[in-house]
Structures are given as C-alpha cells and as structure tokens.
Amino acid sequence: MGRIDMWSWRFAAAIASGLLAAVGTSGVSQAASYYELRYSGGMSSAAMVTDASSNANHGTVTVANGGLVTSLTDRGGSNAFLRFPGGTCPTAPCPQAMITPTTSANLVPNASGTGTFTFGAHIRLTETPSATAGMNVFQRGFAAAGVSQWKLQADSGVPSCRWSDGVNSLLLPDSGDPKYTLPVGRWVKVKCSRLAGDVFEIRITDPVTGALLTPVLRKTVAIGAITPTGNAVIGAKKIDAGQVDSQTDQFHGDLDEIFFHRD
C-alpha cells in the first residue's frame with residue numbers, strides 16, 4: 001500500500017471509529033486520529049491479549065507468583081475486559097501480571113516526538129486500593145533524568161497522567177490540583193492527551209454516557225519531544241518475583257479499551 005493510500009485508509013478508519021477532529025472551548029483543535037493499539041478485553045490464549053486495532057500489535061502476558069491476566073465479560077456477557085491480580089501485597093511473594101505489546105515502535109507521538117497524541121483506558125477497581133503502593137495502568141519510559149515518558153497510573157485510586165521529555169515533565173493532577181478518586185466497582189474512562197506542543201489534558205468520563213465525572217484538567221507547560229525507549233507496559237512497570245507492589249506498581253482490578261492513538 002502506498003504512503004498516500006495508507007494515510008487515506010487510516011483517515012477513513014479514524015472516521016469509522018468516531019475519532020473526528022474536534023475544537024474545544026479553548027480553541028485547541030486536533031486532526032483525525034487513528035489507533036496504534038487497542039486492547040478491548042479479548043485474549044487468544046492465556047498468554048496473549050488481542051489487539052482490536054488493524055495493527056495486530058498483540059500483547060504478551062508475563063506473570064509471577066501465581067498472577068494472571070484473564071478475559072472476563074460483564075453487561076450480560078456482551079463486554080469483554082481484562083482482570084489483573086487482586087489483593088494488595090506488601091510482603092513478597094506477590095502475584096504479578098503485566099502485558100507487553102509486540103512492538104512499541106509506533107507508541108510515540110510521531111517521528112520527531114512533538115506531535116499530539118492520546119492514550120488511556122477504562123478502569124474499574126475491584127477493591128479499595130492501598131494508600132502506599134502505586135498502580136500503573138499504561139506507560140512507556142520511566143521517570144528519570146534524560147528519559148522521555150508518557151504514563152497513566154491510578155496510585156491510591158487517583159488516576160493521573162504524566163508526560164516528560166527527559167528534562168521537563170508534567171503530572172496531571174499535580175499537588176494542589178483537585179483530584180478524582182476512582183470508585184470501587186464502577187467503570188471509569190481516563191484519557192490523557194497532548195492537545196498541542198505545550199497543552200496537556202486529563203479527561204475522566206463515564207464510558208457509557210460520555211458524561212464528565214470531574215472537570216477537565218488542562219495545563220500549558222513547555223515540554224519538548226517525547227520519545228520513550230524500551231517497551232510499553234500495561235498493568236505494572238515490571239515483573240520481579242522477589243519484589244512487592246510498591247516496587248512493581250502492580251495494578252489491581254479490571255482494565256478495558258486500553259488505547260494509544262496519535263494524529
């Protein structure tokens with residue numbers, strides 16, 4: 001398929017997926033986007049999560065100490081989702097599970113790292129989260145000097161997004177910002193977006209109705225190219241059979257519609 005044909009196909013796919021250009025009250029606009037990855041709860045085996053986008057970027061499941069990722073259904077059996085190990089674990093050995101996409105090469109804004117992009121997931125807690133251990137949902141890169149990162153986490157049940165170019169970084173919500181706490185037993189959609197070169201947003205909604213569950217939080221911060229290296233991971237930052245939740249940031253609960261798309 002030629003370059004122009006591929007663009008046209010992706011543009012058509014974006015329209016079909018409802019990812020149309022939008023202009024908010026702030027005047028920030030985005031071109032049509034397309035999914036690079038979308039995990040909608042399906043699994044082809046106990047060790048493989050199915051990519052529902054057109055890219056066949058399936059996810060390999062890695063586990064330790066009896067941890068599992070399982071595909072279950074709710075809403076009368078019509079909605080598949082992924083369940084991660086339950087039970088906050090402060091003492092090793094801890095059940096651990098993590099998903100790693102086949103390739104992470106396209107899970108960046110664009111070749112230069114400065115383009116707009118969005119990532120997120122539907123999250124449902126199945127238990128009251130620990131106040132001390134982190135819970136990572138979806139990330140690429142780590143928080144360190146000189147290292148780019150994008151990340152969605154739900155530490156202590158509070159969803160937040162982080163972006164970094166290795167020098168400058170932004171966490172939404174940050175200290176002093178109003179925070180939303182995820183309820184136990186209810187699906188919530190969290191979307192992290194770079195709307196423009198220096199405009200970032202976290203949006204938390206009801207995934208069924210689309211209604212906002214808390215006001216949109218948007219900030220303008222000078223952040224350069226975001227070009228993480230290494231593999232993107234889902235449900236934890238790593239698997240280490242000898243470490244506890246506070247070291248691996250194991251997610252506890254259910255995830256669905258895990259996605260990454262760029263413009």
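The analysis underlying the following values was restricted to heavy atoms, covering all of them including side chains, and did not include hydrogens, waters or symmetry mates.
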>> side-chain contact (heavy atoms from CB on, under 4.5 Å) for Asp206 and Arg186? Distances and angles first, verdict last.
In response: CA-CA 9 Å; Asp206 183 313; Arg186 177 183 178 182; 3.3 Å; yes

> Taking it one step at a time, do Asp249 and Gln139 satisfy side-chain contact (heavy atoms from CB on, under 4.5 Å)?
Replying inline: CA-CA 11 Å; Asp249 290 348; Gln139 73 180 83; 5.7 Å; no

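- Here the closest non-hydrogen pair linking Thr88 and His252 is CA-NE2, 3.8 Å.
- When all heavy atoms of Leu107 and Phe260 are compared, the pair lying nearest together is C-CZ, 3.4 Å.
- To the nearest 0.5 Å, atoms NZ (Lys151) and OG (Ser164) are separated by 11.5 Å.
- Sorted by first and then second residue, the disulfide (SG to SG under 2.5 Å) pairs with a member in residues 76-137 read Cys89-Cys94; sequence neighbours excluded.
- A single hydrophobic cluster is not seen to contain both Val233 and Trp150; linkage of ILVMFWY side chains at heavy-atom distances under 4.5 Å, directly or through other members, places them apart.
- Proximity of Thr102 to Asp51: side-chain heavy atoms (C-beta onward) are nowhere separated by under 4.5 Å.
- Among Arg124, Lys189, Arg38, the single residue meeting the salt bridge (Lys or Arg N to Asp or Glu O under 4.0 Å) criterion with Glu257 is Arg38.
- Taking CG of Asp74 as the reference point, atom CG of Asn79 lies at 5.0 Å (rounded to 0.5 Å).
- A side-chain donor-acceptor contact under 3.5 Å links Gln96 to the backbone of Asp240.
- Atom SG of Cys161 sits about 8.5 Å away from atom CG of Leu171, to the nearest 0.5 Å.
- Between His261 and Tyr34, the ring centre distance reaches or exceeds 6.0 Å.
- Here the NE2 atom belonging to His122 is positioned 13.0 Å from the CG atom belonging to Asp254, to the nearest 0.5 angstrom.
- Remark: the backbone N or O of Tyr35 is paired with a side-chain donor or acceptor of Asn55 at under 3.5 angstrom.
- For the 3.5 Å distance criterion, the side chains of Gln153 and Arg162 fail to qualify, holding no donor opposite an acceptor.
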>> Go through it in stages, so that I can follow the logic: the residues are Asp177 and Lys219, the test is salt bridge (Lys or Arg N to Asp or Glu O under 4.0 Å), and I'd like the CA-CA distance, side-chain angles, deciding distance and then a yes or no.
In response: CA-CA 11 Å; Asp177 293 327; Lys219 288 190 178 182; 2.9 Å; yes

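- Note on Leu255: it clusters hydrophobically with Phe138, by side-chain heavy-atom contacts below 4.5 Å among ILVMFWY residues.
- Using a 4.5 Å cut-off between side-chain heavy atoms of Ile, Leu, Val, Met, Phe, Trp and Tyr, with links allowed through other members, Met98 and Tyr39 fall into different hydrophobic clusters.
- Residue Leu213 holds its CG atom at 6.5 Å from OG1 of Thr205, rounded to the nearest 0.5 Å.
- In terms of heavy-atom proximity, Arg194 sits nearest to Gly113 at NH1-O, 3.4 Å.
- Transitive grouping of hydrophobic side chains (ILVMFWY, heavy atoms separated by less than 4.5 Å) brings Val63 and Ile234 into a common cluster.
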>> Pair Val188, Tyr180 - check side-chain contact (heavy atoms from CB on, under 4.5 Å), show working.
In response: CA-CA 11 Å; Val188 172; Tyr180 175 85; 3.8 Å; yes

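- Taking CG from Leu170 and OG1 from Thr220, the interatomic distance works out to 9.5 Å, rounded to the nearest 0.5 Å.
- For residues 63-96, every residue pair satisfying the ring-ring contact (aromatic ring centres under 6.0 Å, His included) rule, not counting sequence neighbours, is listed here: Phe81-Trp187, Phe84-Phe251.
- Considering every non-hydrogen atom in both Asn110 and Arg262, the closest pair reads CA-NH1, 3.4 Å.
- A donor and an acceptor atom, one from each side chain of Ser193 and Thr118, are located under 3.5 Å apart.
- Taking a 4.5 Å side-chain heavy-atom cut-off between Ile, Leu, Val, Met, Phe, Trp and Tyr, the cluster of Val244 contains only that residue.
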> Do Cys192 and Trp163 pass the side-chain contact (heavy atoms from CB on, under 4.5 Å) test, and can you show the C-alpha distance, the side-chain angles, and the key distance before you say yes or no?
Replying inline: CA-CA 9 Å; Cys192 310; Trp163 303 264; 3.8 Å; yes

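- Counting all heavy atoms, side chain and backbone alike, Pro159 lies closest to Ile204 at CG-CD1, 3.7 Å.
- Residue Ile223 is grouped with residue Phe117 when hydrophobic side chains (ILVMFWY) are merged at heavy-atom distances under 4.5 angstrom, including chains of intermediate members.
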